[in-house]
Amino acid sequence: MEDLIFETGEIATLTINRPKALNALNREVLEGIARILRDVRHDASVRILIVTGAGDRAFVAGADIAAMSEMSVVEGQEFMRLGHRVMQTFEDLPIPVIAAVNGFALGGGLELALACDLILASEKARFGQPEINLGIIPGFGGTQRLPHRIGQVRARELIMTGEMFDARTALEWGLVNHVVAAEALIPETRKLAEKIAGKSGFALRQAKAALRASFTMEEDAGLRFEQSTVAVVFGSADKTEGMKAFIEKRQPKWQHR
Ligand code: CAA
C-alpha cells in the first residue's frame with residue numbers, strides 16, 4: 001500500500017505516507033496499519049517499532065476530515081471503532097513502540113503518538129486536539145489517554161479550546177521524552193531504539209505489560225499484577241544471566257532477544 005511504508009528489521013519503521021494530506025488517517029490507512037501490526041506481532045525478529053510521518057510538515061494531522069465529512073452516524077461509529085482498535089493494538093504490542101513526531105500531531109495524530117510507549121519530537125512538532133473546532137470531540141482515545149499523560153487540568157483546556165502547543169511545551173508537560181533538531185529526529189530515535197534493543201526482550205515485554213496495567217487497572221490490582229509479573233521474570237534465563245554478569249563485572253549475553 002502506497003500510503004504506508006514498512007521497513008522491517010530488528011528496529012522496524014512504519015511511515016504514514018500521505019504527505020499531500022499531511023498524513024491524515026483514512027479507513028484504508030488504518031486498515032493497512034492494522035495488517036502491518038498483525039504481522040509485527042507475529043514476527044519475533046522485530047524488537048522495536050518506530051512510527052513516523054512522511055515529509056517534513058506532519059507526523060499525522062488527524063483523521064481524514066474530507067472522508068469524515070461524508071460519514072453517517074453508523075459510518076462514523078465504525079470509523080472511530082477502527083481507530084480505537086488500531087490505537088489499542090499499538091498499546092498491546094509486546095515490543096516497545098516509539099513515535100518520531102516530525103511536524104503536526106493533531107487529533108488522531110496526537111492520539112496515535114499517545115498509544116506509543118515513547119515520543120521523540122522534532123523542534124518543529126506541533127501538538128493538539130483541535131476536534132472541537134470541527135464540531136466533534138477526540139475519537140481515537142484522546143479524552144482518556146491525554147489526561148492520563150499530562151493531567152486533567154491541561155487536557156481539559158486543550159480539548160475544550162482546541163489550541164495547539166509546541167514541542168518545548170510538550171517536553172515541559174511530560175508528553176514527549178526528548179526534543180531534537182528536525183534533521184536529528186530519525187538518527188536520535190534510532191539511537192534510543194538501539195539502546196532499548198540491547199536489553200532482554202523478555203524483561204522488556206514484562207515491563208511493558210506492567211506499565212500498561214497502570215493505565216488499565218486500579219492501583220491495588222496493578223501492584224498485585226506487578227508482583228506476579230516480577231515473579232515470572234525471576235524464572236527467566238535472562239534474570240540468571242543479568243545478575244551473574246553483574247557479579248562477574250561483565251556485559252550480559254541475553255538469551256531472549
Ligand atoms: N484531513 C484531511 N486532509 C487534511 C487534514 C486532515 N486532518 N489536515 C490537513 N489536510 C490537508 C489539507 O486539506 C490540505 O489539502 P489540499 O492541499 O488538497 O487543500 C493539505 O493537507 C495541507 O493542509 P493546509 O493547506 O491546511 O496546510 P496549512 O499549513 O495551512 O495548515 C494545519 C496545517 C494547521 C495542520 C491544517 O491543515 C489543519 O488544521 N488540519 C486539520 C487538523 C485537524 O483538525 N485535525 C483533527 C482531525 S479530526 C480527528 O482527528 C478526529 C479524531 O479524534 C479521530
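Order of listing sets the numbers, starting from 1, for every ligand and every atom in it. Note that the structure is predicted; figures quoted are calculated from it, not measured.
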For [X], is the nearest heavy atom under 4.0 Å from an atom of ligand 1?
X: Q129; answer: no
X: R126; answer: no
X: A21; answer: yes

Polar proximity ligand 1 side, [X] side, N/O cut 3.5 Å exclusive:
X: F104; result: no
X: I65; result: yes
X: G139; result: yes

Pick whichever of M80, M68, M164 has a heavy atom sitting closest to atom 34 (C) of ligand 1.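 Comparing heavy atoms across M80, M68, M164, the nearest one to atom 34 (C) of ligand 1 lies in M164.
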Per atom 45 (N) of ligand 1, closest listed option by heavy atom (A67, P138, A61):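 Residue with the shortest heavy-atom distance to the ligand atom: A61.
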Tell me whether L112 shares a hydrophobic cluster with L22, the cluster being built from Ile, Leu, Val, Met, Phe, Trp, Tyr side chains joined at under 4.5 Å.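 They do not share one cluster, since no chain of ILVMFWY contacts under 4.5 Å joins L112 to L22.
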How far is atom 53 (O) of ligand 1 from the closest protein heavy atom, and which atom is that?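 Of every protein heavy atom, E131 OE2, 2.6 Å lies nearest to atom 53 (O) of ligand 1.
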In the protein, which heavy atom is nearest to atom 38 (C) of ligand 1, and how far is it?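 Protein heavy atom with the smallest distance to atom 38 (C) of ligand 1: L106 CD1, 4.7 Å.
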Does the pair [X]/[Y] count as a salt bridge with the N-to-O cut at 4.0 Å?
X: R18; Y: E2; result: no
X: R154; Y: E157; result: no
X: K191; Y: E188; result: yes

